[in-house]
Number of protein chains: 2
Amino acid sequence: MTLSETFKALADPTRREIIELLKKRSRSAGEIAEHFQITLPSLTYHFNTLKQANLISQERAGQQIIYSLNLSVIEELMDSYFKLFKK
Amino acid sequence: MTLSETFKALADPTRREIIELLKKRSRSAGEIAEHFQITLPSLTYHFNTLKQANLISQERAGQQIIYSLNLSVIEELMDSYFKLFKK
DNA sequence: TAGATATTTAGACAACTATCTAAGTATAGC
DNA sequence: GCTATACTTAGATAGTTGTCTAAATATCTA
């Protein structure tokens with residue numbers, strides 16, 4: 001989970017929209033897909049990108065996979081971000 | 001100057017290192033180049049990426065081009081960043 | 001255990017990125 | 001005006017990204 005991975009993950013509008021959705025509540029892949037025009041495989045690609053940046057995590061619930069925001073990691077991120085610009 | 005452009009600009013380690021250098025003081029393209037192994041044309045590409053994200057600005061001083069951090073824009077950025085994760 | 005539902009993996013592909021070399025532009029100083 | 005210095009622009013290229021379709025995997029339910 002490098003800074004580069006994190007910024008790269010946040011650089012895509014689809015992925016930021018996924019974060020917006022998960023901010024309200026955790027959701028299954030299918031529920032998330034309802035908000036987008038792109039295919040589920042494409043979304044899976046974005047889930048993986050966000051997971052690799054440690055921004056979200058997943059959990060199986062029966063046939064569904066539930067995605068959630070990793071709020072703890074986001075705090076660290078804020079810190080790195082501040083440091084980048086602070087003199 | 002979109003959020004995507006900004007995050008994309010920050011996703012590259014070379015560009016973050018340029019920011020680190022400019023944080024200490026404004027510098028010419030040549031001075032910045034001394035800190036890297038890559039060619040000046042490659043650095044110019046990174047300068048343009050950072051300029052497009054409005055993170056830096058340039059100013060000519062004789063034969064040299066001096067680059068500086070755009071601190072005002074960075075404040076806005078922080079704000080967008082907070083909003084992205086705030087419920 | 002067969003069929004339905006939910007999601008991922010694999011493989012292909014067009015577009016974009018970061019790099020290079022070679023050539024061009026701008027300024028300074030003689 | 002010529003030459004040197006500082007930097008950018010142009011064009012090529014290998015690697016990465018975001019998307020798709022088709023196939024595979026996992027779980028539930030009858």
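First the proteins, then the strands, lettered A, B, ... as listed; each starts at 1. Since the structure is predicted, the reported quantities are computational estimates derived from the model, not experimental observations.
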Nucleotide nearest [X] (side chain, heavy atoms from C-beta), chosen from [options]:
{"X": "A:P41", "options": "D:dT9, D:dA22, D:dA26", "answer": "D:dA22"}
{"X": "B:H46", "options": "C:dA18, C:dA6, D:dA6", "answer": "C:dA18"}
{"X": "A:R60", "options": "D:dA26, D:dT17, C:dT8", "answer": "D:dA26"}
{"X": "B:Q63", "options": "C:dT27, C:dT5, C:dA18", "answer": "C:dT27"}

With heavy atoms under 4.0 Å as the rule, sort [X] into base, sugar-phosphate or nothing.
{"X": "A:I65", "value": "sugar-phosphate"}
{"X": "A:T49", "value": "nothing"}
{"X": "B:E31", "value": "nothing"}

Reckon [X] has a side-chain N or O less than 4.0 Å from the OP1 or OP2 of [N]?
{"X": "A:S28", "N": "C:dT7", "result": "yes"}
{"X": "A:S42", "N": "D:dT19", "result": "no"}
{"X": "B:Y67", "N": "D:dT8", "result": "yes"}
{"X": "B:Q64", "N": "C:dA26", "result": "no"}
{"X": "B:T39", "N": "C:dC20", "result": "yes"}

Practice prompt. Under the side chain to side chain contact (heavy atoms under 4.5 Å, CB included) rule, collect the residues that match up with A:P13, sequence neighbours excluded.
Written response: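 Applying side chain to side chain contact (heavy atoms under 4.5 Å, CB included) to A:P13 gives A:R16, B:S4.
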
Fill in: Close side-chain approach of B:D12 and B:H46, heavy atoms under 4.5 Å
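Answer yes - side chains close enough.
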
Worksheet entry | Atom pair distance, as rounded to whole Å: OH in B:Y45 and P in C:dT21 |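 Nearest whole value for this atom pair: 17 Å.
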
Worksheet item: Starting at CZ of A:F7 and ending at C1' of D:dT16, how long is that distance when rounded to a whole Å?
Response: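 Distance, rounded to whole Å: 20 Å.
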
